[in-house]
Structures are given as structure tokens and as C-alpha cells.
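I have placed the structure first, in the form of C-alpha cells, so that the comments after it can refer back to it.
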Amino acid sequence: MAWSQLRITACFLLVACSAQDPGVEGLTRGEFKDGGSSLDGAKSDSGSKDGSADGSTTDGGDGSASATAFTGAGAWATGKPATSAVTFHANNSVGVVPGKDQDCLSCHKMAGSGPQFLFAGTIFQDMNGTTPAVDKEVRVRGTDGKAYSTHSDADGNFWYLPAVGESIAFPAQSGARDATNTSLMVAAITASSCNAGGCHDGTTQKYLHLP
């Protein structure tokens, strides 16, 4: 699978984290509140462009070949999280540093030590993963037409914490964009942990990047 300008394969690796994930009540979809001290609840936007309360958009789910991850998304708008995942983990003494060498969904999965994410990973400005890509919108759109967006933080990390009942209908389309660039996956994804070993680990596949 490939985004235009890069090759991307999304994998889901189910392994345990080495440390418990305290302070997770400070997490919400793609955002932290007050440095991770309290729950902000569901964001009214969470990257979606229709103002839906659950952070998702629905555009019919027609499955047409012309549809992309950004079908129905509207124009790009800034949405960088105020507190980075790295800072949040450090402030709460989590023994894991989010980034290109850490599979987010090894912890943030069902029955994992962190809250379950729909998708997560790290995005860079270059395929070798040397410079984080900040405030890039990452969007996943399922075959049911429901799409979920979030933005990368100051270190290029992104995540989507779902509301009750939210799920991705695989196979799904995905992509990333900012005000001037859009990068789309050519093929559909069947899982959603971009940093998993054997996928975008910098060896098997280059790191996620935009442009």
C-alpha cells in the first residue's frame, strides 16, 4: 500500500507495554486538556469539518472508486493538540516515549494499559523520519462512509480516541494533509497501527511523511 509520494502499510501489532499508563483520564480524541490533568470530553470537531459532535463525518459510504480519505471533509483547518503525547507521558510518569520507534497500539488497544485508539502513529516531513510534521491532519474513512480525523502534535504523533460506538469499517481509506499538501494511500488499509514493527518502522517501510 502507498500514499502518493510514499509507501505506507498499516499494521496492528498486539504486544504489551512495559509500563502501566497512568493519568489516561486526561486523554480525549487527539487532544489533552490542561496538560493532561482532566478529561475534556468529546471534542465537537476533532478534525471533522461538519461540526458533528462525535468527531466523525459521514459521506454516504458509497465505496466509489472516486472517493478518498478526505471525501466530505471540507477545507483543512489547524488543529494541533495543545499538549504533546511525549509531554503527557512524561508528566504522568509513563515509561514509554511516543514516537517513530514505539507502536502506539501495543498499549492503546482493547484491554491494553492505555485507552483504546482507533488509529495512531507518527508523521514526519521526510521519509527518513528526521523532522516531525506538526499539525498535519490524518484521516481514516471506512467503507461505511464514516471518517475520523485528528492532527499531529509538536512531535508528529497523532491518535484518535473514539467515543462509545465509534469504529472503523475496514478496509478503509487514509491520508494526511495540511494547507498545501495532500498525501493519499493508494490501497485500502485493514488495520490501523502505523508505527508497528514490520510496517512504518523505517526499515520495512519508510516512515510516514508529508509531503
Checklist entry - Side chains of S149 and R139: do they bring a donor and an acceptor to under 3.5 Å? => result yes
Next on the checklist: My understanding is that only residues two or more places apart in sequence, or in another chain, count here; which of them pass salt bridge (Lys or Arg N to Asp or Glu O under 4.0 Å) with D155?
Outcome noted: none
For [X] versus [Y], what's the shortest heavy-atom pair and its separation?
X	Y	result
P115	L161	CB-CD1, 3.6 Å
Q125	H209	C-CB, 4.1 Å
A85	D153	N-OD2, 2.8 Å
Q102	S106	NE2-OG, 3.5 Å
K100	G129	NZ-O, 2.8 Å

Taking only residues two or more places apart in sequence, or in another chain, which ones meet [X] in a side chain to side chain contact (heavy atoms under 4.5 Å, CB included)?
X	value
D126	F124, N128, T130, T131
A172	V140, I168, F170, I189
A90	none
S167	none

Checklist entry - According to the ring pair (Phe, Tyr, Trp, His ring centres under 6.0 Å) rule, which pairs have a member within residues 171-193, sequence neighbours left out? => result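 Non-adjacent pairs meeting ring pair (Phe, Tyr, Trp, His ring centres under 6.0 Å): zero.
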Checklist entry - Can you tell me how far the CZ atom of F158 sits from the OG1 atom of T150, to the nearest 0.5 Å? => result 8.5 Å
Next on the checklist: Does the plane of the ring in F117 sit parallel, tilted or perpendicular to the ring in H108? Use 30° and 60° as the thresholds.
Outcome noted: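 Ring orientation, 0 to 90° scale: parallel.
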